[in-house]
K.L.:
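If you scroll down you'll find the structure; I have some questions about it.
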Amino acid sequence: MNRPEQILVEKPPSPAESDPSKGAKGFLQRFWRNLMTSGGRTSESCPDYLRITLLNLTQTTAVLVWSLFLVLILFGVLELTPGRLLIDATGLVIGVGVVAGLRMGVPVSWAVHATHAFLFLCLLGLSITRAGNPLTLTLPLIYPALAFLLLDDIRRGLAGTLLMTAGLNILLSSGYGPNLRDSAMLLDGALTITVVMLFQAAVMALYVHHRKQAITMLRVASSRLNELASHDPLTGLYNRRTFIEVLERELARRDSDGRQLAFLLFDVDRFKAYNDLHGHPQGDELLKRLAAVTTEVFSRREDVIFRLGGEEFGVVFHTQTPEQAAEMADRLLAAIEAMGEPAPAGPHPSVTVSAGLYLVAQGHDTSANRIYSYADQALYQAKEAGRARWVQASA
């Protein structure tokens, strides 16, 4: 049913709104999205969207931070030490490398492992090289959240958090860190770090677990909806909507295949009389049996069978020669008649079908609707000629 048109009266957009390429706000939005999605490599519907955007955000921030530290070291504001210089320079190289690599198509798992490994070693390394600064020991507290989100794995995130916690406690108990006055202060610091890190790990593990559950449920629902949208519920064959998509796809690549594209359209002879005599439930069973027989005849993986509506079916397949296509049409009609289902109104004692066959010429400019129309005309000619036969269409 067609929906009535809805007319909306809107105020004329401003020049900046009508042209997204104008205006500082539009430029910044495009730049930020381009940066976070690695030049359009991912989108909100992609499974790796969260990890790619997190990688880009983390490494872009790292590039700015390491660059700032190196500049401050260069101008003498920060103390120059070999360990500090090594961490800052390595962080800058890895940050630029990950951001550029993601844009060039580097696998997300590589970028994740490189980022995670440096994050772990950097936070522990800073705790060692800057042990005299109490604030430095608070930096590793950011590790659990980033580790769980980057790795997207509860066991690895928990293992990394436990290793980081153990490393920090070893540093404290070995005399590293700020000058602690007594053992009570040491114990208090160790317990604080341990509790905070494990609490973060528990929260992130819960988040990752439920996120994975939600994604799994969404994928199952999406797969089910796609199945319902593309398949006929009675026979399990592809439906008319998918027919147009498949035929257009095959037309786009037919010249590179080397074989001829063929379309066979057929329907059950005098199906209304069969339904009137036996009832619709038995008519549905006949259509399901017919779909099964067609699947046996056109059994190659590349053969695509459709229920186009009612008792009308279609097959898109490839053929080496016109004779091979004719043989396939003969085999189908014979196999359906061999089912032995009594036909109440003929033309033969058993149920038969009539068909129209159309062969798409190489390099011939055509469309899915035109191919269907040619095959439908040939099917009509087969009906006029007495049914239980097929006719090849001529364009």
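Here the structure is a predicted model, which is why all the values come from computation and not from measurement. Excluded from the calculations below are hydrogen atoms, water molecules and symmetry mates; all remaining heavy atoms, backbone and side chain alike, are included.
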K.L.:
Please tell me whether I142 and L121 are part of a single hydrophobic cluster in this structure, the criterion being side-chain heavy atoms less than 4.5 Å apart.
P.N.:
yes
K.L.:
Assigning hydrophobic clusters by single linkage (Ile, Leu, Val, Met, Phe, Trp, Tyr; side-chain heavy-atom cutoff under 4.5 Å), is L124 placed with L158?
P.N.:
yes
K.L.:
More than 12 non-hydrogen atoms from neighbouring residues, nucleotides or ligands closer than 6.0 Å to CZ on R156, yes or no?
P.N.:
no
K.L.:
Grab the two heavy atoms, one from M197 and one from T165, that are nearest each other, plus how far apart they are.
P.N.:
CB-OG1, 3.4 Å
K.L.:
Distance from R289 atom CZ to Q282 atom CD, nearest 0.5 Å?
P.N.:
9.0 Å
K.L.:
Under 3.5 Å, is there a donor-acceptor pair between the side chain of Q260 and the main chain of P322?
P.N.:
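No, the answer is negative, given that no donor and acceptor are paired below the 3.5 Å cut-off.
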K.L.:
Should we count NZ of K212 as having more than 12 external heavy atoms under 6.0 Å?
P.N.:
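More than 12 heavy atoms, drawn from other residues, nucleotides or ligands, come within 6.0 Å of this atom.
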K.L.:
Establish, from distance only, whether the side-chain atoms of R103 and N56 form a donor-acceptor pair under 3.5 Å.
P.N.:
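Note: R103 and N56 side chains miss the donor-acceptor criterion.
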K.L.:
Is any side-chain heavy atom of R211 less than 4.5 Å from a side-chain heavy atom of D152?
P.N.:
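With C-beta onward as the side chain, the pair touches.
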K.L.:
Are the charged groups of E250 and R259 less than 4.0 angstrom apart, N to O?
P.N.:
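No salt bridge links E250 with R259.
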K.L.:
Heavy-atom distance under 4.5 Å between the side chains of N275 and E311, does that happen here?
P.N.:
no
K.L.:
Of the non-hydrogen atoms in Q59 and V99, which two are nearest, and what is the gap between them?
P.N.:
CB-CG2, 3.7 Å
K.L.:
What pair of heavy atoms forms the shortest contact from R387 to P347, and how long is it?
P.N.:
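Smallest interatomic distance, heavy atoms only, reads CB-CG, 3.8 Å.
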K.L.:
Please examine the side chains of M339 and V351, heavy atoms only from C-beta on, and report whether any two atoms are closer than 4.5 Å.
P.N.:
no
K.L.:
Given L247 and L261, is the side-chain contact (heavy atoms from CB on, under 4.5 Å) satisfied, shown in steps?
P.N.:
CA-CA 9 Å; L247 198 49; L261 181 64; 4.2 Å; yes
K.L.:
Between V98 and A111, what is the shortest heavy-atom contact and its length?
P.N.:
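That closest heavy-atom pairing would be CG1-CB, 4.0 Å.
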K.L.:
Under a 4.0 Å N-O cut-off, is there an ion pair linking D48 with R41?
P.N.:
no
K.L.:
Is there side-chain contact between N369 and I244, with heavy atoms separated by less than 4.5 Å?
P.N.:
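They are in contact (side-chain heavy atoms under 4.5 Å apart), so the answer is yes.
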K.L.:
Roughly how far, to the nearest 0.5 Å, is CG of L54 from CE of M36?
P.N.:
9.5 Å
K.L.:
Can you list every ring pair (Phe, Tyr, Trp, His ring centres under 6.0 Å) pair that touches residues 209-235, not counting sequence neighbours?
P.N.:
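Output for this query lists H231-Y238.
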K.L.:
Distance check, rounded to the nearest 0.5 Å: M164 atom CE versus I193 atom CD1?
P.N.:
11.0 Å
K.L.:
For T242 and N239, which I'm curious about, is there any donor-acceptor pair between the side chains at under 3.5 Å?
P.N.:
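Checked: T242/N239 side chains pair up, N/O donor to acceptor below 3.5 Å.
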K.L.:
For a side-chain contact (heavy atoms from CB on, under 4.5 Å) check, start with the C-alpha distance between L78 and R84, then their side-chain angles and the critical distance, and finish with the verdict.
P.N.:
CA-CA 10 Å; L78 297 178; R84 181 66 178 271; 3.6 Å; yes
K.L.:
Go through it in stages, so that I can follow the logic: the residues are H116 and Y143, the test is ring pair (Phe, Tyr, Trp, His ring centres under 6.0 Å), and I'd like the CA-CA distance, side-chain angles, deciding distance and then a yes or no.
P.N.:
CA-CA 9 Å; H116 172 256; Y143 171 80; 5.7 Å; yes
K.L.:
So if I apply the side-chain contact (heavy atoms from CB on, under 4.5 Å) rule between L379 and each of L264, V353, L265, which one comes out positive?
P.N.:
L265
K.L.:
Does some side-chain heavy atom of T294 sit less than 4.5 Å from a side-chain heavy atom of L290?
P.N.:
yes
K.L.:
If you look at every heavy atom in A368 and L251, which pair is closest and at what distance?
P.N.:
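For A368 and L251, the tightest heavy-atom pair comes out as N-CD1, 3.7 Å.
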K.L.:
Should the ring pair Y274 and F271 be called parallel, tilted or perpendicular, given that the plane angle runs from 0 to 90° and is split at 30 and 60?
P.N.:
parallel
K.L.:
Are L237 and L308 linked, directly or through other ILVMFWY residues, by side chains that come within less than 4.5 angstrom of each other?
P.N.:
no
K.L.:
So does D284 pair up with K288, basic N to acidic O under 4.0 Å?
P.N.:
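Not counted as a salt bridge, because no side-chain N and carboxylate O are separated by less than 4.0 Å.
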K.L.:
Under a 4.5 Å cut-off applied to non-hydrogen side-chain atoms, are V208 and D153 in contact?
P.N.:
no
K.L.:
With side-chain contact (heavy atoms from CB on, under 4.5 Å) as the criterion, how do E312 and D376 come out once you've worked through the C-alpha distance, each side chain's angles and the decisive distance to 0.1 Å?
P.N.:
CA-CA 10 Å; E312 187 177 72; D376 188 52; 4.2 Å; yes
K.L.:
Give a yes or no on whether L92 and L68 share a hydrophobic cluster (residues Ile, Leu, Val, Met, Phe, Trp, Tyr; joining criterion: side-chain heavy atoms under 4.5 Å apart).
P.N.:
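Yes; tracing contacts between hydrophobic side chains, which count when under 4.5 Å, links both residues.
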K.L.:
Looking at OG1 of T321 and CD of E327, how far apart are the two atoms once the value is rounded to the nearest 0.5 Å?
P.N.:
8.5 Å
K.L.:
Please examine the side chains of L333 and E337, heavy atoms only from C-beta on, and report whether any two atoms are closer than 4.5 Å.
P.N.:
no
K.L.:
Between L85 and V77, is there shared hydrophobic-cluster membership here, with clusters defined by ILVMFWY side-chain heavy atoms closer than 4.5 Å?
P.N.:
yes
K.L.:
Distance from L359 atom CG to I371 atom CD1, nearest 0.5 Å?
P.N.:
10.5 Å
K.L.:
Is it true that the NZ or CZ of R240 lies under 6.0 Å from the centre of Y372's six-membered ring and within 45 degrees of the ring axis?
P.N.:
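Checked: cation-pi criterion met.
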K.L.:
Do you know the tightest heavy-atom contact between S350 and G340?
P.N.:
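Taking S350 first and G340 second, the nearest heavy atoms are OG-CA, 3.6 Å.
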K.L.:
Take T352 and I336 through the test side-chain contact (heavy atoms from CB on, under 4.5 Å) and record every step on the way to the result.
P.N.:
CA-CA 6 Å; T352 58; I336 292 175; 6.0 Å; no
K.L.:
Could you check if a side-chain atom of L74 sits within less than 4.5 angstrom of a side-chain atom of L80, using non-hydrogen atoms only?
P.N.:
no
K.L.:
Taking ring pair (Phe, Tyr, Trp, His ring centres under 6.0 Å) as the cut-off, I'd like each qualifying pair that reaches into residues 55-76, sequence neighbours left out, listed once.
P.N.:
none
K.L.:
Which distance, rounded to the nearest 0.5 Å, do you find between the CG of L149 and the OG1 of T58?
P.N.:
9.0 Å
K.L.:
Strictly by ring pair (Phe, Tyr, Trp, His ring centres under 6.0 Å), give each pair with a member in residues 282-328 just once, sequence neighbours left out.
P.N.:
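Listed by first then second residue: F243-F306, F266-F313, F298-F317.
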K.L.:
Within a reach of under 6.0 Å around CZ of R300, are more than 12 heavy atoms found that belong to other residues, nucleotides or ligands?
P.N.:
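It does: R300 CZ has more than 12 such atoms within range.
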K.L.:
Would a distance-only check, ignoring hydrogens and angles, find a side-chain to backbone donor-acceptor pair under 3.5 Å from Q324 to Q320?
P.N.:
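At least one qualifying donor-acceptor pair exists.
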K.L.:
Donor-acceptor pair, R30 side chain versus G26 backbone, under 3.5 Å?
P.N.:
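Yes; judged by distance alone, with no hydrogens or angles, the pair exists.
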